[in-house]
4 protein chains.
Amino acid sequence: MKKMKPKYMQIIDAAVIVIAENGYHQAQVAKIAKQAGVADGTIYLYFKNKEDILISLFEEKMGSFVEKIDEEIAGKKTAAEKLLVLVETHFQLLSEDHHMAIVTQLELRQSNKELRMRINNVLKGYLQVIDKIIIEGIETGEFSETLDVRLVRQMVFGTIDEIVTSWVLNEEKFNLTALAPKVHRLLINGFAGC
Amino acid sequence: MKKMKPKYMQIIDAAVIVIAENGYHQAQVAKIAKQAGVADGTIYLYFKNKEDILISLFEEKMGSFVEKIDEEIAGKKTAAEKLLVLVETHFQLLSEDHHMAIVTQLELRQSNKELRMRINNVLKGYLQVIDKIIIEGIETGEFSETLDVRLVRQMVFGTIDEIVTSWVLNEEKFNLTALAPKVHRLLINGFAGC
Amino acid sequence: MKKMKPKYMQIIDAAVIVIAENGYHQAQVAKIAKQAGVADGTIYLYFKNKEDILISLFEEKMGSFVEKIDEEIAGKKTAAEKLLVLVETHFQLLSEDHHMAIVTQLELRQSNKELRMRINNVLKGYLQVIDKIIIEGIETGEFSETLDVRLVRQMVFGTIDEIVTSWVLNEEKFNLTALAPKVHRLLINGFAGC
Amino acid sequence: MKKMKPKYMQIIDAAVIVIAENGYHQAQVAKIAKQAGVADGTIYLYFKNKEDILISLFEEKMGSFVEKIDEEIAGKKTAAEKLLVLVETHFQLLSEDHHMAIVTQLELRQSNKELRMRINNVLKGYLQVIDKIIIEGIETGEFSETLDVRLVRQMVFGTIDEIVTSWVLNEEKFNLTALAPKVHRLLINGFAGC
DNA sequence: AATGAATGAGTATTCATTCAT
DNA sequence: AATGAATGAATACTCATTCAT
């Protein structure tokens, strides 16, 4: 399995650094190879092409992202609590990884439509985690039983994503994680705050 | 004033079509010129460079977008009503303009960071419209007085944007405008639906 | 006769200024037109094309250059004296016209081979003045009767031209005209200075 | 050291041929690459940009030019003899290399001012060879002790250059090398031929 | 497995010239 | 005579990918 070979992750980590520091359009394969300490051609022993590096990067990172969130959620009882932990952990993980925050929120979005659709596919694993929480909340009666799960998921993800992007664009000047409870309350209660 | 010259809008409209149909990275100046029915060089009588076409495109379209939403909102009394109209009109306008929907939700996001920051600047006008509604709602007591305006705005915009993008990615298979009331209810009342 | 029309010289004078101040390759027709205070299209009522402006420029300026030198030489008796006056006047006229010095020594040499051959043709009038002095000197016995007129003319012109070019490249920091007697002595007596 | 790689000189030699045969402004990079038998992109592995090819071309060729002249001069005793050999070798080397003659006398002068000043810099090595001869001649008493070295050098170079250019413009119809003794005598003795 | 030299397709922009008014 | 908006041909350079070693 190629993922076991040390150079596989070495190249992916190099890609994150190069993209974060140079921007998507300045992240040439040669630069990634240099950062990874391998020859240009070596890249192609581990990845089909440049796009494959980016997809794999997203898959690997998003995979462990979802794993960590799953772990954190596991112990929580109510759906509301789980949602809070999801928002908190999402904010926390990106706060801790400056490079990944830039790459996911800004740089990877410059990829072409096709690549973005494949990235969206990877994202589905995360969206399912959100869906599960919503469905659980509806079933336990915590959330309104009339909720449209897809719409709610889009509200949750859209809100979180917009806030994180804004935080990155503002050069991460404020404490993102601290916002989690307020965001959670907004999502649960809406404007009314009933 | 350059905007009065017919070829100015002619080129911008051509750019929208070419970008929507070919994708951002396949939207060569020559293609835009051909679509607009002018010579390549004529483009440069009206725009400084290619980037200037894209900025101008966004300014012109976003300008009339905000204008139309402002008009629709004008007659409404409550902040909640205004918010509904905003969501409705936002959905409506993009539903009516297939090409612009693709361009704003998918293609223009592939532009480089600098261009995107300039686009964000144009977007501010729209965000201020949202802010005004929120502030009005707080002042009239419709909305909770503890709301963090920025966060709320990010929830509103992030939610709308995510829904529209998802609609475009799904090839506009469902009726977007019809979702407005449900989205509005979600934003106002949250999951609880009190 | 087109040369009588005021705009003809107006455009030529504008070309000298534009070329001197912007360089040959930055001297666009539009810039010359603007400097001359006419529309771009008007240029083509007086000149066949851009090259024709440059040829005409050189013809007009070189014409009056030769005329003035002829006048100065007229009164002199010996060939040696005439040669001194020629060098002196050549230096003097270019010292007085900063723009023309730059245009003739640096900028016009960047034109293509064909244009340069046509310019060389115009130059022949000047070279004949030199030839006449040499021939007269040989006939009066002032100069060696074994002189190869063409070679001597090339030495005279090559020397003068190299000195003027060097003076322009040095940003005209020294008094060019003051060099004339030394240059004259060198040409007449060579290194030996017998 | 890049100069050791065979393709470096291969490209430079191709550039000389392409420029000589097509003219400076028709010497596209693609043409040079084709003539050199390499891909367009390969050019940029050896040269920073097109201008760098031209500078390097001049440096390499002028370097060996000066070397050869230095070698020829080495065995000669008097300054006058050395001057003769310099003129002779200068004429000889350009007679032997039709392409370089065209390139140095006609084509390279069409480059822009900045490139020309960098070329002038390379030329300084040659001018110093001339200077050394003049200074030596003054010190040994062969030449007048009142000579202005810079002026004399300009006379020598200006004369040689003008003669060679004229020879190239006349399509090299006469024997250039055979002129050396006459040119030498002219420079040494001037018109008087004492 | 690893290398890195070589490849070659692809594109924004300028500017001399024209011609309808 | 004069205008100036419109034209469209022409070109250096980058970088993902390959393949001989």
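In what follows, chains are A, B, ... by sequence order, proteins preceding strands, each numbered from 1.
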- Determine which pairs satisfy salt bridge (charged side-chain N to carboxylate O under 4.0 Å, His left out) with at least one residue from residues 33-44 of chain C, sequence neighbours left out, and list them in order. none
- A correct dot-bracket answer for DNA chain F, with pairs being Watson-Crick or G-U at under 3.5 Å, [ ] for crossing pairs and | for inter-strand pairs, is .||||||||||||||||||||
- Message: Applying ring-ring contact (aromatic ring centres under 6.0 Å, His included), can you list everything that pairs with C:His25, at least two apart in sequence or on another chain?
- Response: D:His25
- Item | Sequence-distant partners of C:Lys50, side chain to side chain contact (heavy atoms under 4.5 Å, CB included), two or more places apart | C:Val29
- Note on the structure: With sequence neighbours left out, the residues meeting side chain to side chain contact (heavy atoms under 4.5 Å, CB included) with D:Ile17 are D:Glu21, D:Gln35, D:His99
- Task: Can you check each nucleotide of nucleotides 9-16 of chain E against protein heavy atoms at under 4.0 Å and return B for base, S for sugar-phosphate only, - for none, in 5' to 3' order?
- Result: --SSBBSS
- D:Val122: what forms a side chain to side chain contact (heavy atoms under 4.5 Å, CB included) with it, not counting sequence neighbours? D:Phe58, D:Glu59, D:Met62
- Item | side chain to side chain donor-acceptor pair (under 3.5 Å) against A:Tyr126, all qualifying residues, sequence neighbours excluded | A:His90
- Under the salt bridge (charged side-chain N to carboxylate O under 4.0 Å, His left out) rule, what pairs show up with a residue in residues 101-111 of chain D, not counting sequence neighbours? C:Lys113-D:Glu107, D:Arg109-D:Asp161
- Go through the structure and list residues passing side chain to side chain contact (heavy atoms under 4.5 Å, CB included) with D:Asp13, not counting sequence neighbours. D:Met9, D:Lys61
- Query: Among all residues two or more places apart in sequence or in another chain, which pass the side chain to side chain donor-acceptor pair (under 3.5 Å) test with A:Glu51?
  - Reply: A:Arg118
- Item | Any donor-acceptor N or O pair under 3.5 Å, side chains D:Lys7, D:Gln10 | no
- On DNA chain F, reading 5' to 3', which nucleotide is the first and which the last to sit with an atom under 4.0 Å from a heavy atom of chain C, could you check? F:dA1 to F:dG4
